[in-house]
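Okay, structure first, notes after.
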Amino acid sequence: MASSHKHGIRIAIDRGGTFTDCVGNPGTGKMEDDVIIKLLSEDPSNYDDAPLEGIRRLLSTFTGREVPRGEPLDTSKIESIRMGTTVATNALLQRKGEKIALVVTKGFKDCLEIGNQARPKIFDLAISKPEVLYQKVVEIDERVTLEDYAEDPERQITSTEPREKSAANSDLLRGLSGEAVRVLQRPSEEKVRSQLQTIYDAGFRSIAVCLVHGYTFTDHEALVGRLAYEVGFKHVSLSHELMPMIKLVPRATSACADSYLTPAIKKYISTFQAGFEGGLGTESAKKESGSKRTRCEFMQSDGGLVDVDKFSGLRAILSGPAGGVVGYALTSYDPTTKIPVIGFDMGGTSTDVSRYGSGRYEHVFETTTAGVTIQSPQLDINTVAAGGGSRLFFRNGLFVVGPESAGAHPGPACYRKGGPLTVTDANLFLGRLLPDFFPKIFGKSEDQGLDSSASEKLFAELAENINKEVAGDKDRRMSADEVAYGFIKIANETMTRPIRSLTEAKGHDTSQHRLATFGGAGGQHAVAIAESLGITQILVHRYSSVLSAYGMALADVVDESQVPSSKTWSEADDTKSELKKTMQELKSKSSAKLKDQGFSDNEIVFEEYLNMRYRGTESALMVVKPNLEEAEKSYEGDDWAFGKAFVKQHEGEFGFTLPDRDIIVDDVRARGIGKSFEGLEKTIDQQLNEITPNDLDEGKRYGMSKVYFEGGRQDTPIYKLENLEVGDHLKGPAILADGTQTIVVTPGASALITETHVVINIGESRDQNKKVNATDVDPIMLSIFANRFMAIAEQMGRALQKTSVSTNVKERLDYSCALFDAKGGLVANAPHLPVHLGSMSTCVRTQAEIWKGRLKEGDVVVSNHPEYGGTHLPDITVITPAFSGSQIVFYVASRAHHADIGGILPGSMPPHSRELFQEGAAIKAEKLVSEGHFNEQRVIELLYDEPAQYPECSGTRCLADNLNDLKAQVAANQKGINLISTLIEDYGEEVVQFYMKNIQENAELSVRNLLKDVYRRFEGRDLRAVDYMDDGSPIQLKITIDAEKGEAIFDFEGTGPEVYGNINAPEAVTYSAIIYCLRCLISEDIPLNQGCLKPIDVRIPKKSFLSPSDKAAVVGGNVLTSQRVTDVILRCFNACAASQGDCNNLTFGFGGNLATSASPTKGFGYYETIAGGSGAGPTWDGTNGVHTHMTNTRITDAEVFERRYPVILRQFQLREGSAGRGQHPGGEGVIRDIEFRIPVQVSILSERRVYHPYGLEGGEEAACGINYWVRKVQKGGRGPDAEEWEDRYINLGGKNTASMQQGERIIVNTPGGGGWGKLGEQSKAVKSTDVQAGWRKGSIAGRHEAQETA
């Protein structure tokens, strides 16, 4: 417990959800003098507050005097108390924070309910979005916008005076970021005071304030804050003070979280401080005289400590887990060898992973916890599973682990509370967890140990049920041991995938890391996890079960400060000097705060950062100032080489650079660190170099046990950790245990005891996969292969993102990668973009047939044509066959949305196209690569030359991006082939092919069971439905089910003919809609592959608009008709009322190939889709302002929208009264009102403007959408009014294009969702709970959500 302050008792505490861990040191700083206490966080019959009880016990131990409970604790002997707490997290999870109101700019009252408009789970018909934290919204009539816009081709920048030189009433001012801010409406003090008084009188005492562009223009927020305190509010959270970063929604949510949680934190701290005689913290230290002064600091989410008086709710969310990251980082990373470390924290209710490398913590600045998106520096901690409490299921022939958890109550079956089977039970049953070493806190009297018999009984029953379901002879029966071990293997597979994602997504090789495992359950899984990741060394700290508390003892005090910027990076001295000046101001502020807490200049160090990105991209990187060693080595001694450091970091993380683009500085950040940790006496590598291993004396053995490893139970020695000495070396199998942890050393691995760690080295493991045959389906191997196939598709996706260049692929993640069998049948697809699900397979099967017998190794095929399995032309599919000898054994494919492929409009998504050629290049079947040679000239002909031959059409407008992205797709496919080749090396081609086939049969079985169930529910009747496009074209469907076989005919006879317009939908779109609907109806996580469609006979009439000719326009089919097909299928099944049935595709811009100019005009283009209401169902209400069914794209944040484009977003809120009424009402649509500041071409492509979203079971239909053009027109007439202008509302219809002038607006009113059940009947809505609500969602979840909202 090394520290630079060495006198009194030092105490570090982690108050967790179940246990509170305390580590105390008498002041020596020596590890051997530490005292560890572990106690229940809640034990009201014995004590009121666990941390106070822990401190009481430590004081009793160190002073030799039993301190009575209830006696104020004497602080004179205590030098410091450091603490992490779950108070904030629990208040957030249980929604038990302060009653708060949100103060926001007029027009944005629903901005947090709409959020980014994406739904959290794409296959849930009952959409559940997290509840907002506020109870009331106050809209302030104020507005500012940015004068310039980033996409301006002329790069005009408006000059402004510094604020101190500007007139107070000027409408054009300089913001904190340096941008010119236009004040459109100043707030009325009198009106604001009145509004605040009204909510104060209603009982509110805490408010959150977030105004549009408040991150750079703080005047209006500061005014509201001043008035709020004058009215009497106790707590006011101003967004610009908390985190002055662009993005309205995350900043507003952060302000709400702070105002919601900080009062709860303050209440707790007040109660905690009352338990002491003498003050705690810096402020009290200033007041106290003599020896009563005690430092008291709390751990923040960013891994730094803060004085008790400055601890806030916003930065407390990861208070406990952050300590664990600090603990393993400072004890497992050696700054000399620089081997990076992956942290694996597996406890009873969650498994968290993180990474530490380069001697710095990895932070993220926008994360989601308990459904609340926080904008604040936080350690990149990711929950990947529910820990030892993860529940075990056998579903649809597959072994499934989690994400549901048994929690602390009832807990696992072995906890004696009647709980379900969990991972903990599996470890106990297999002998990997020893009851002798587990606390005896169970049973009615809370004095019994774990109940092994309860676990054994349930595993025996489960094994019997599995054997009944998996038909076959007695030789294939699975024992209870095999079943339990199968679940352990699946749990390990489930956790391995996100760990690999965490490292590879940032450009790191997982196998080059060490694994630091901690938490009570980590030691039982660490070896298997490390083997899967290719990691050869595991570090288990002596304090691994209390590492979060130990981390608090080692942590530094931190002060973070940040300001926004908009500067273009330049090596010129004036740019650098301005940024240096800003940085110095931040450092001076931090330094003053740290000195105030008792740190001297020589104890304060800084990390200096610039948040940088290429112009036109949104992937900002937080770039740290190079240290002297890095500057000398890489930047010719320039320690302010931020530009070069950014380019290097960008290439490492994304695989490319953009040398022709400007680099923009978004934020300047200083992290001031008050050093209190001097470093360990010896690092782990120094210890390893000095230790001479000694083979373990058998006399130290505690006992023997039969422990299950691959192949059966083995006699396994057990050792007590406290009996082992430094240098002791043992070979697996073995179990090392003490009262808080159990470490399993598998056969083939070995363990070495050092002063601080148990070091496990992975050798040639004998715990390899058993011989797998290709005759009988092993449900465990089926589950493993399901994970492996999906992991291959995911790794292909990461390779594609890393090597691509375009914003669509790299940032919006608008792509899918997939694996197919030898006939082109889908095996695994990632991510699950609904519109890609069935259609990629149609494409691969078509190409496989076309090229049959003509493809060679090294060939790659490309296609995007609707008749050949494409959806719309911008989605280009690249297909690579894999050979065994001369035979194709499987295919891999990647589909990416290319930003432009020619046609009549930029973006290749014209709202008024009539023929396919108007939408761009159409590729039926071409070789992209021939025997390893990339056919670049042919690609140029296809994308650039051929589309330009058509009237009013252009070739692609971004050829370089197209070529780069196609090459990235080829590389991603090759990655997939290499990974499957490795799988074949491990298991053999026959086995891999066998499980490809069986994973499809598994999905097929799920669909057959669904169809049989539907047949019973509808008593054998045919299912029929019809709905209409707005032009009157019907989509008619009859579903006939054969209950005996579990098969169905989906017959679309009666559907309207091909349309001279663009709502024609390729057949592949209908297949995608069918797979999507079936997955929604099954409502369980099944493999999504070709098997889903095998029981379905789809009959689509040729020449209908669901099976159009090869020249028909289709761009609306992909985004509009797909939604109506979904509505019709779900109506057949009587599943739910209609959702908005639309994507509301809006585009605007200017420039391109104009007939009136000899050369193209530079301009910009913008495209978005807009949310609406979702349909209600038998057990749920519809959801407001959300994307539904075949789309799930995020909306651009209001502030980013106005920074990038010449627009003012006047209103974005819910459209009240648009939902269908009923027993369960539908969701409301939204109103999106955009004013244009320059002349632009605006296009809208939408549906449900004529035919209403239907209600079901007596529920009412929802309102149609309507699109208005608010046009500036002269009043006309005679006299003085003749020259006056007025706003005239013009209905644009569902599909139109208009040239809008400066000051004109488009208002899109989107449809609501239909209602369910008769109005007035008692609601049967069931509130769904998200089992992952408490998971810490760092960069892994952020990436996953971005993929599912592409």
Side-chain angles (χ1 to χ4, degrees), residues 150 155 157 162 174-179 216 244-246 302 304 335 338 357-363 365 377 506-507 556 558-594 601-617 619-654 656-675:
R155 298 280 184 265
I157 296 177
R174 184 182 296 180
L176 286 179
S177 59
E179 294 163 290
T216 186
M245 286 182 88
I246 191 170
D302 64 358
K338 296 187 169 86
S358 307
R360 296 186 196 97
Y361 298 111
E362 295 191 349
H363 290 113
F365 295 85
K506 294 182 179 178
D556 295 318
V558 167
D559 181 81
E560 283 259 7
S561 52
Q562 182 171 317
V563 291
S565 173
S566 60
K567 290 215 168 303
T568 301
W569 174 261
S570 166
E571 296 295 337
D573 288 341
D574 58 337
T575 302
K576 281 189 175 181
S577 63
E578 282 188 54
L579 289 168
K580 282 181 179 179
K581 181 185 174 192
T582 303
M583 186 70 80
Q584 190 54 49
E585 288 170 358
L586 294 177
K587 287 167 65 177
S588 296
K589 286 179 187 174
S590 278
S591 186
K593 290 179 184 175
L594 290 169
D601 281 326
N602 63 350
E603 292 174 317
I604 299 173
V605 297
F606 287 95
E607 289 177 3
E608 300 170 47
Y609 296 88
L610 296 182
N611 197 26
M612 309 173 86
R613 61 181 170 85
Y614 283 118
R615 184 185 293 279
T617 72
S619 296
L621 294 174
M622 195 63 78
V623 181
V624 70
K625 178 184 169 186
N627 60 34
L628 292 175
E629 182 186 341
E630 290 168 329
E632 290 294 334
K633 184 179 175 183
S634 304
Y635 308 117
E636 299 171 349
D638 180 6
D639 68 346
W640 249 77
F642 276 101
K644 292 173 185 172
F646 166 78
V647 171
K648 182 180 178 182
Q649 190 172 330
H650 198 279
E651 185 162 24
E653 193 155 327
F654 298 121
F656 76 100
T657 62
L658 298 170
D660 299 330
R661 299 260 187 115
D662 288 338
I663 298 171
I664 307 298
V665 179
D666 276 341
D667 302 277
V668 182
R669 173 187 170 214
R671 183 174 168 86
I673 301 167
K675 300 295 287 184

Hey, mind stepping through Ile673 and Ile604 against side-chain contact (heavy atoms from CB on, under 4.5 Å) and telling me if it holds?
CA-CA 6 Å; Ile673 301 167; Ile604 299 173; over 6 Å; no
Could you walk me through whether Val647 and Ile663 pass the side-chain contact (heavy atoms from CB on, under 4.5 Å) test, one step at a time?
CA-CA 9 Å; Val647 171; Ile663 298 171; 4.1 Å; yes
Would Leu610 and Trp569 satisfy side-chain contact (heavy atoms from CB on, under 4.5 Å), going step by step from the backbone distance to the final call?
CA-CA 10 Å; Leu610 296 182; Trp569 174 261; 3.8 Å; yes
Any chance you could lay out the side-chain contact (heavy atoms from CB on, under 4.5 Å) test for Leu621 and His650, step after step, and finish with the verdict?
CA-CA 8 Å; Leu621 294 174; His650 198 279; 4.0 Å; yes
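Minimum heavy-atom separation, Asp302 to Glu560: OD2-CG, 3.5 Å. Contact between Pro244 and Val563 at its shortest, heavy atoms only, is CG-CA, 4.2 Å. Residues Ala645 and Tyr635 share a closest heavy-atom pair of CA-OH, 3.3 Å. What you find for Asn611 and Met622 is that their closest heavy atoms are OD1-N, 3.6 Å. For the pair Asp601 and Ser591, the tightest heavy-atom approach, listed with the atom from each and the gap, is OD1-OG, 4.3 Å. For the pair Pro377 and Arg669, the tightest heavy-atom approach, listed with the atom from each and the gap, is CB-NH2, 4.4 Å.
For the pair Arg671/Val558, a side-chain contact is recorded, criterion being any heavy-atom separation below 4.5 Å from C-beta on. Counting heavy atoms from C-beta on, the side chains of Arg615 and Arg155 come closer than 4.5 Å. Glu179 is not listed as a side-chain neighbour of Ile157, based on a closest heavy-atom distance of 4.5 Å or more.
Between the side chain of Ser566 and the backbone N or O of Ser177, at least one donor-acceptor pair lies under 3.5 Å. Judged by distance alone, the side chain of Ser565 and the main-chain N or O of Asp666 form no donor-acceptor pair under 3.5 Å. Between the side chain of Thr575 and the backbone N or O of Glu571 there is no donor-acceptor pair closer than 3.5 Å.
Ion pairing of Asp638 with Lys576 is present here, as a side-chain N (NZ or NE/NH1/NH2) and a carboxylate O approach within less than 4.0 Å.
Atom CG of residue Asp556 and atom CD of residue Glu603 lie 10.5 Å apart, to the nearest 0.5 angstrom. We find the NZ-OG distance between Lys580 and Ser577 to be 8.0 Å, quoted to the nearest 0.5 Å. Interatomic distance, Leu586 CG to Ser588 OG, rounded to the nearest 0.5 Å: 8.5 Å. Here NZ of Lys567 is found 13.5 Å from CG of Asp667. Values are rounded to the nearest 0.5 Å.
Phe642 meets the ring pair (Phe, Tyr, Trp, His ring centres under 6.0 Å) test with Trp640; sequence neighbours excluded. Here Phe365 pairs with nothing under the ring pair (Phe, Tyr, Trp, His ring centres under 6.0 Å) rule; sequence neighbours left out.
For Lys644, the NZ atom sits in a packed shell: over 12 heavy atoms of surrounding residues, nucleotides or ligands are nearer than 6.0 Å.
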Using residues 623-630 as the side-chain source, report each donor-acceptor pair under 3.5 Å to any protein atom, sequence neighbours left out, with the distance given to one decimal.
unit_1, atom_1, unit_2, atom_2, d
Lys625, NZ, Glu608, OE2, 3.4
Asn627, OD1, Glu629, N, 3.2
Asn627, OD1, Glu630, N, 2.7
Glu630, OE1, Asn627, N, 2.9

